[in-house]
Structures are given as C-alpha cells and as structure tokens.
2 protein chains.
Amino acid sequence: MKRAAYDGNVPIQYGSAMPATSRPATILEVARDAGVSKTSVSRYYSGERERLSASMQQRIAHAAERLGYQPNPMARGLKGGPSGLVGMLVADIRNPFSVAVMHGVEQACRRQGLSLMVCNTDNDPTLERQNLALLTSYRIEGLIVNAAGRHGEALAELAGGGLPLVLLDRSLEGIDADEVGLDNDRAIDMALDHLTERGYRRVLFVTEPPARASSRQARMARFESGRSSRGLEGEVLSLELDDAASLDRRLSAFLEAATQQPTAILCGNGQVTLAVTRTLQARRVPLGEIGLMGIDELDWCQLVTPGITTLAQPTDAIGQAAVDRLRARQAERTTPEPRHERFTPTLIIRDSTCRPGVDAPHFDETRP
Amino acid sequence: MKRAAYDGNVPIQYGSAMPATSRPATILEVARDAGVSKTSVSRYYSGERERLSASMQQRIAHAAERLGYQPNPMARGLKGGPSGLVGMLVADIRNPFSVAVMHGVEQACRRQGLSLMVCNTDNDPTLERQNLALLTSYRIEGLIVNAAGRHGEALAELAGGGLPLVLLDRSLEGIDADEVGLDNDRAIDMALDHLTERGYRRVLFVTEPPARASSRQARMARFESGRSSRGLEGEVLSLELDDAASLDRRLSAFLEAATQQPTAILCGNGQVTLAVTRTLQARRVPLGEIGLMGIDELDWCQLVTPGITTLAQPTDAIGQAAVDRLRARQAERTTPEPRHERFTPTLIIRDSTCRPGVDAPHFDETRP
DNA sequence: TTGTATGCGTTATCAC
DNA sequence: GTGATAACGCATACAA
C-alpha cells in the first residue's frame, strides 16, 4: 500500500543534508529519489558497492546525501544481520578504573567500526540481570563483562548460545569465556618485592570482600603465599569500604600493635587506596614511615603528600585486548579454547614507600 | 504513553527459563505455546494486560516464562512505538563530574522505566556527529547533551523535529531546548564571597578556553564583574590544560608579582583544580597562604594537604532534573517555553582557603 | 474478549 | 548488474 507521501514528488532543495520530515528518510525514499530499486540502495550500504555501476553509485550517493539517509539499525537487526553493537556490563561506573578500561574498549570498538553500549549495574544483581536482558535484546555481537558475577548462569547460557564473551578483571567458574585483566600474581609479587626492598617487614593487605570478585581472591591468595615465602609478617584485612569506622578501628589496631618491624599497607585496588588514605590522614599517620602502596593509579596519587606509590594498570591496552578477543571469537565459528590475557602493571614509585633515614627520597618522575 | 513492557512487572528470567535454541523466542512461538494469537501476547506486553481474561494471562505468562521470551525492542522500534530509550552525549567520559551526572541520569531513567544509551565524544566534533546519528537511529525518545556543542545545527534540527532535548551544563544559541546545570552566577558569587571573607584581596580565575562551553563563559564573565564590584585585584587565566608548562609559567608569574595583597586562585572546574594543584605542589606553594578553591568536588580534595575548599555540584539532582525535563517535554505535545533549571552548589570549606595567622584553622567536617 | 491482516525498514533469495 | 518479493518480530486498525 503506497502512501501519498512517498509518491514521486519528494520535496526538493534542502541546502544541507537534512531529512524532509522530522522522521529520517527510508531506503525506499532514497530509491525513488535516485530512480533505482530498494535492493540497489541496500547493496550500496551493505558492502556490495562494487557490484553496482558507477552511475548508479553516483545517483544513490547523491540522493542519500540530499535526504540525509542513514540505514535504520533496527530494521537491520530485525533481519538478523550484524548489529555492529558490542555490549559492556560495568559493575560501578563511578570507579575510575572501570571508566578507564571502558574508554579503551570504546576506542578499540571505534577502530573496528563497532558501537559500544554500556550498562552500569551499580553492583546490583537485579540491575545486572535487567541490563543483560536489555543488551541481548539489542542483539549485541559480543559482551564484555566487568560486573559482580552473581548470576553466572545467565552469562554461561549466553556464552553457550554462541555470544562472544570476555570477562574483564573477573573469572567465572564453569564459563567458557575469554578473560582479560591484570596479571594479579605478578602485580602482588612486584608490590611485595618493592616493599621488601624498601625495608618494610610487616605488611597489611586491605581488600574489599573477595567473595564476588575473582581478582580480589587472586590478589589476596598471592599476597598470603608471597608474604610468608618472603618471611614477612602481616595479614589480610577484608571489609566493605562504606564502613569507615570499622576500617579506622582495624587499621589502627594493626598499626599500633607492639612491634619494632617497619610496617606498610598494600591496597587491593583504587577504591581501597582512597578509603585507606582517608583514614590514615585522619589519624595523622606519617606516610613513608608507615608505607603505603596501592594497585591502580589515580589522578590524585601524586598529589597526596608525599605521593603514593602505585601499580598502574595499562587500561587502554586491556580494553583493546578485550575487543580483540571478541573479534577473534566472532571470526572463528568453532569456539576456541578459552584464552586468558594477563597484563603486567607499571610500578610508579613515590615517597609513600620511602622510609625516612633509610632511603634517599625518590625523585618522582610524574611530578612536573 | 504506556510502557508496560519494561516497567519491571515482567521479571526477565534467565537460568530456569531459556529457549531451546540459541535464538531468543519470538512472540509467535509464545502464542503457539500458549495456544493464543500473537495479538494477545502483544497486548499482554503492551500495557493492555487487564483487557485479557485471567486464564489467558496465565497461559501467556507461563509460556513466556518457559520460553524465556522477551519482546524484541528492534521490532518494536520499527513500528514507531516508544523505544524506551534515552540518549546521552558526553564530551569526556573520564571527567568525574560528567560521570557523576550520568549516574544521576541513569538512576532517574531507571525509576521511569527508561534505558539510557550513553555516547562519549572525547571532545571530538566528528565523533559527536557520528554518535548523534547512532542515537537517533535507535529512535531515542529524548536526548541529554553534555558535549562540546559544535554542530549546533544538528542538535537544532533534532529539537525542531520534536525530539525532547536537554542541555547539561551548556547552552546553545538559537536552540529551543531546556537547560539544566549549575547556577554559575551564584557559584561564582559564593566563591568570591568566601575568598573575600577569608581576607584574600587578589584572585586569579583559571579556566579552560571558554569558546566552546557556555558555562565557562558564564563563570568567567561573572568572575570579572564580581571581582571588580568587590574591589578585588586579579585577572582571568584561560588555557588548555594539557599544556602544563604554560600553566606553570603563567601561574608562577601571577603568584610572584610584586604585591602585598593576600592572593588566591579560583579554579573553574574539577579538571582545572587538578592541573592547578599539580602545579602548585611542584612549586611547593603553601596552600592556604596562597588560597586555593575549586568548582566541583572530587574524591581527593579532602586528601590534598591541607584540604581544598570546593563548591560541590548536586550531580544526582542535576541528572534527575534533566530526565524530568525530558519527560515534561515528552508529555506536552506543544513545545513549551524553554526552561532553565539552575542548581546552587554547596560550599565545602577546607583549609586551602585559610590564611595562617588570620583565621583559626577550620574544622573539616568531611574528615573522619 | 479475541483473532486477522497489514505495514514498519531492511536484507536475502530469487529471477531477469 | 539490477529488480521484485518474501521474510524478520512486533503493534495496531479492524473484524468477529
């Protein structure tokens, strides 16, 4: 059934590329305007441009520009074609590390001609499920997950259903998916080596509860084994960061314990570093004399006197790798062996790990 | 406008309910399984549930759950129905302020049963245009923009075409859109009042180049008028933040100028505060003696000795207001008078604006 | 209350 | 090379 609006006289003379109506132009309108069939226009936009005659290409290009035509991804998606969409599930959008990786993912997607659809779960399993449903409903071609990881079943099913899946900074049992993230063992080793070298003999590892995140477990486990193998004293402190009072109490208890050993604190991630630094400052704890070191580099780590030593993750590379894995999975029809890609952090030494009178203050290269 | 499909009344179940095939179930399959027509299933999910008999509701619900059915938003969108999608254009996803507002927007959307699609433009006009095309191609029902604002034409066209548009922290000439953001005049006044009260008589306002962002212009203009009306000395320093050397040079020139007046620096936004703080620390400038104050509250402002005084924006409220404006525009068919919503910041006083020997050190309530 | 028929914009399968 | 036509999954007038 033809509608009058489509018959013949498509309005003319738009200066710029602007649709006639508020509604975007359709492939049919372009076809009419160019005097060709829908099929040809479709071919023009579906990578079969070479199979069209030069004159037809001209006409289509011209008409499309005049009408401001732009293929409708909805309609494309309906037909089951590639959506050009990659989904990403982020546990906490306000976490700078997540944002940094997201930025890397986004850049990589752009280079591949893909669009990224990000969903924040706010660490809420319900939201995680809803967002998962939303993403799949848009027929994403791949999914990058950096979320709590309850409901592994849902993810497992998606992966089993053939959706390329990459786990970021997480691993999930029984899931056939690629993993990309920090080399946690290496990171902890680097941290312990550095602290040992600086003369600290007693170390507290502070982490958020590891139950829900495998990377936290990995770091914690490596810390324990690495600490004892190096003959260091110390322990692990695992708690929710929103409970500032508890953190203060337990941190103080550790620091005030009767011991002569030089003491340091190692923070399991950036959020922990923030919370711990707050507490230490409130207690007027002298940084350096009490060592402080964190995983994840943040804007302010060089600003807090005397500068906080960190292990910086290569976030852009991690994001890029995640997208690469997705593409690789997409290319091979056969599901390959799940592959794990682990990145080595960069040690940024500042004076929070410089004991006064023992080492000469380190020159902070990141300082202007 | 009905939007029953995603209002949360329909639990989306993974795990127990999963289609046999990897491809999601369609409305037709549910209809078959339940022994009813497509239409009835459609009605069930389109807010006309009450008009169906109880037994039919039962059968549909059961079948849908068994098959893991979930309406396909692509197909829905094709028919021109409400997409349930709100778009957001962000200039810089790594800017904590933008992320904070985004989080507020997201929460508000969730409460309204809307989904949010965020696009980062990385301050790149080309990307801005591409992302704009992407968003519109998904038939978003409203657009929240916090981006550079070149290509105002494209936005103007969209708004003219009836797309509800909200400008965040920006205004664009000749655009008929709502605006939500900080009350810039009030913020600057509060800052100048505070600095004056603390005895500073000479103030430098540091801002990124205001050409592309109206809020920067507004703050700058108000600063100039407010400064002179208060009889304060000072000037405006406008520069790109990536040029650290230039910032260092010009900042030093200002501070070292021969004058007896107590001097302070006011930072136009969080990014500026970060860059300026870096420079001051490198120069070993004593904060407080030289006043420092910033617009935007950041994680680390309380950590940098002796704590940086800031004006905190109510980011959640701003995000919520943006979505509210969108809904209001959506409701009224007639385009109402563009409305501007301006929020008052909260002054968080720390010791970077406490001159030694003049005021007793302020007790920082944000410190534990 | 429930079902039938049609169109939304696109791509794939044919035919010419 | 190019074009007609049938799906794709859903919503909606319209019919019963």
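Every heavy atom of this structure was used, including side-chain atoms; hydrogens, water molecules and symmetry mates were not. Each chain gets a letter, A, B and so on, in the order its sequence line appears, and its residues count up from 1.
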Checklist entry - D:dG1 C1' sits how many Å from A:Q58 CD, rounded? => result 17 Å

Item to check | Atom-pair distance (CD1 on B:I60; P on C:dT1), nearest Å | outcome: 14 Å

Would you be so kind as to tabulate the donor-acceptor pairs closer than 3.5 Å made by side chains of residues 50-57 of chain A, with sequence neighbours excluded?
{"unit_1": "A:R51", "atom_1": "NH1", "unit_2": "A:E48", "atom_2": "OE1", "d": "3.0"}
{"unit_1": "A:S53", "atom_1": "OG", "unit_2": "A:M56", "atom_2": "N", "d": "3.3"}
{"unit_1": "A:Q57", "atom_1": "NE2", "unit_2": "A:R49", "atom_2": "O", "d": "2.8"}
{"unit_1": "A:Q57", "atom_1": "NE2", "unit_2": "A:L52", "atom_2": "O", "d": "3.2"}

Checklist entry - How many Å lie between OH on A:Y138 and P on D:dC8, as a whole number? => result 21 Å

Checklist outcome for this item: DNA chain D nearest-nucleotide lookup for A:L78 and A:A54: closer to the 5′ end is A:A54

Item to check | Pairs flagged by ring-ring contact (aromatic ring centres under 6.0 Å, His included) wherever residues 107-131 of chain B is involved - sequence neighbours left out | outcome: none

Checklist entry - How would you list, by chain and number, every residue that makes a side chain to side chain contact (heavy atoms under 4.5 Å, CB included) with A:R76, sequence neighbours excluded? => result A:Y45, A:S46, A:P71

Checklist entry - Are any of B:S40's side-chain N or O atoms less than 4.0 Å away from OP1 or OP2 of C:dG3? => result yes

Checklist entry - Base, sugar-phosphate alone, or nothing: which one does B:M74 contact when heavy atoms must sit under 4.0 Å apart? => result nothing

Checklist entry - Mind checking what makes side chain to side chain contact (heavy atoms under 4.5 Å, CB included) contact with A:L85, not counting sequence neighbours? => result A:S83, A:S115, A:M117, A:Y138, A:I140, B:Y138

Checklist entry - In chain order, what residues pass the side chain to side chain contact (heavy atoms under 4.5 Å, CB included) check against B:R32, with sequence neighbours excluded? => result B:L28

Item to check | Rounded distance in Å - OH (B:Y44) to P (C:dG3) | outcome: 16 Å

Checklist outcome for this item: With B for base contact, S for sugar-phosphate-only contact and - for none (protein heavy atoms under 4.0 Å), nucleotides 10-16 of chain C reads BBB-B--

Checklist entry - Which whole-number value in Å describes the distance from B:R139 CZ to D:dC10 P? => result 18 Å

Item to check | Between P of D:dG1 and CZ of A:R59, the distance in whole Å | outcome: 15 Å

Item to check | Min side-chain heavy-atom separation A:Q320-A:R111 under 4.5 Å | outcome: yes

Item to check | side chain to side chain contact (heavy atoms under 4.5 Å, CB included) against B:Q130, all qualifying residues, sequence neighbours excluded | outcome: B:T126, B:L127

Next on the checklist: Rounded to the nearest 0.5 Å, what separates atom OG1 in A:T136 from atom CG in A:L143?
Outcome noted: 9.0 Å

Checklist outcome for this item: With sequence neighbours left out, the residues meeting side chain to side chain donor-acceptor pair (under 3.5 Å) with A:D316 are none

Checklist outcome for this item: With five pairs defining each end axis, the helix from C:dT1-D:dA16 to C:dC16-D:dG1 comes out bent, to 10°, by 40°

